[in-house]
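To keep things clear, I will list the structure first and then write my remarks on it.
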Amino acid sequence: MRWLVMAAFAGLAGCGGEPPEVSQTAQNGAAPSSAMVPVDQAEARCEKRPDFVVLRPDARIESCTSGKGPSPRRESGTIIYTTADKASAVTAWYREQAKAFGLDDALVAETPSPLYSAKDGKRRNFMVLTEPSGANTRVTLNWGRDE
């Protein structure tokens, strides 16, 4: 069920973007790989994210992808990371960040694994899904924007 929810909301941020491997190949000239990207490379790719896509201060990035979609002005991405903070604190923090960047609440789901999304009309949006990961919280952050 959890993956079904993630898949449904991934479309919210992606808005029809091409698969991340295709975009990475075009940008890096490297062959696609199904393996998880080493943390240092993932962090380097995450430096180019939009200003409204913020990470927790203690974020340990596991994966970071982004790319253009079929629309020439649309870009989207996904960042997966872990934090020591509890899921509810992460979700509340992202809600505050959304307000600070002028985004409106789109979905607030207080479930065992909180889910939150925010948008600015159709120009900018992000969705945060949290889940326990040992003593930490795994955060999946999907985002999209029109350039």
Side-chain angles (χ1 to χ4, degrees), residues 3 5-108 113-147:
W3 292 108
V5 171
M6 274 184 56
F9 287 102
L12 175 67
C15 295
E18 62 187 51
E21 291 83 9
V22 174
S23 297
Q24 290 171 5
T25 300
Q27 292 175 359
N28 301 334
S33 170
S34 60
M36 186 70 76
V37 175
V39 173
D40 57 345
Q41 290 179 15
E43 288 176 0
R45 266 197 296 254
C46 278
E47 290 178 7
K48 296 180 181 180
R49 67 187 186 274
D51 62 347
F52 70 96
V53 180
V54 293
L55 304 178
R56 298 289 293 177
D58 69 333
R60 289 181 309 278
I61 298 170
E62 296 177 4
S63 176
C64 185
T65 61
S66 65
K68 302 273 185 204
S71 168
R73 294 177 33 113
R74 189 72 179 168
E75 179 185 23
S76 62
T78 299
I79 302 169
I80 301 172
Y81 70 91
T82 57
T83 178
D85 297 315
K86 299 291 181 203
S88 59
V90 172
T91 304
W93 184 78
Y94 272 105
R95 197 168 185 189
E96 291 172 10
Q97 296 303 308
K99 289 182 188 354
F101 282 98
L103 284 84
D104 299 319
D105 292 347
L107 175 69
V108 180
S113 295
L115 177 68
Y116 174 73
S117 67
K119 64 182 181 174
D120 173 12
K122 293 184 179 180
R123 290 183 354 172
R124 302 178 299 164
N125 61 293
F126 71 80
M127 187 267 310
V128 178
L129 177 68
T130 58
E131 62 184 327
S133 179
N136 297 310
T137 298
R138 173 169 281 129
V139 179
T140 301
L141 174 61
N142 294 315
W143 58 269
R145 71 171 173 176
D146 287 339
E147 297 180 319

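Reckoned from all heavy atoms, side chains included, excluding hydrogens, waters and symmetry mates. Each residue takes its place number in the sequence, starting with 1.
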Derivation and outcome, side-chain contact (heavy atoms from CB on, under 4.5 Å), residues Arg56 and Val139
CA-CA 10 Å; Arg56 298 289 293 177; Val139 179; 5.6 Å; no

Is the side chain of Thr83 donor-acceptor paired with the backbone N or O of Asp58 at a distance under 3.5 Å, no angle test?
no

Minimum heavy-atom separation for Phe126 to Leu141, with atom names?
CD1-CD1, 3.8 Å

Smallest separation among heavy atoms of Leu129 and Ser113, with atom names
CD1-O, 4.4 Å

Nearest 0.5 angstrom please: Ile80 CD1 to Thr140 OG1, how far?
4.5 Å

Nearest heavy-atom approach of Ala59 to Tyr81 is CB-CD1, 3.3 Å

Can you tell me if Thr137 uses its side chain to pair, donor with acceptor, with the backbone of Asp85 under 3.5 Å?
yes

What is the minimum heavy-atom distance between Ala118 and Ala98, and which atoms define it?
CB-CB, 3.7 Å

With a 4.5 Å heavy-atom cut-off, do Gln97 and Phe52 have their side chains touching?
no

From Arg138 CZ over to Thr130 OG1, what is the distance, rounded to the nearest 0.5 angstrom?
12.0 Å

Can you name the nearest heavy-atom pair linking Asn136 to Ala84, along with the distance?
OD1-CA, 3.5 Å

So, does Arg49 use its side chain to make a donor-acceptor pair with the main chain of Cys46 at under 3.5 Å?
yes

Starting at CZ of Arg145, measure out to CG of Asn125 and round the result to the nearest 0.5 Å.
11.5 Å

More than 12 foreign heavy atoms under 6.0 Å from NZ of Lys99: is that the case here?
yes

Where do Val54 and Asp51 come nearest, in terms of heavy atoms and distance?
CG1-O, 3.6 Å

Check Arg124, Arg123, Lys122, Arg74 against Asp146 for a salt bridge (Lys or Arg N to Asp or Glu O under 4.0 Å) and give me the one that passes.
Arg74

State the CG-CG distance between Asp120 and Leu103, to the nearest 0.5 angstrom.
5.0 Å

CA sep, side-chain torsions, deciding dist, call: Tyr116, Val90, side-chain contact (heavy atoms from CB on, under 4.5 Å):
CA-CA 10 Å; Tyr116 174 73; Val90 172; over 6 Å; no

OG (Ser133) and CD (Glu62) are apart, to the nearest 0.5 Å, by 6.5 Å

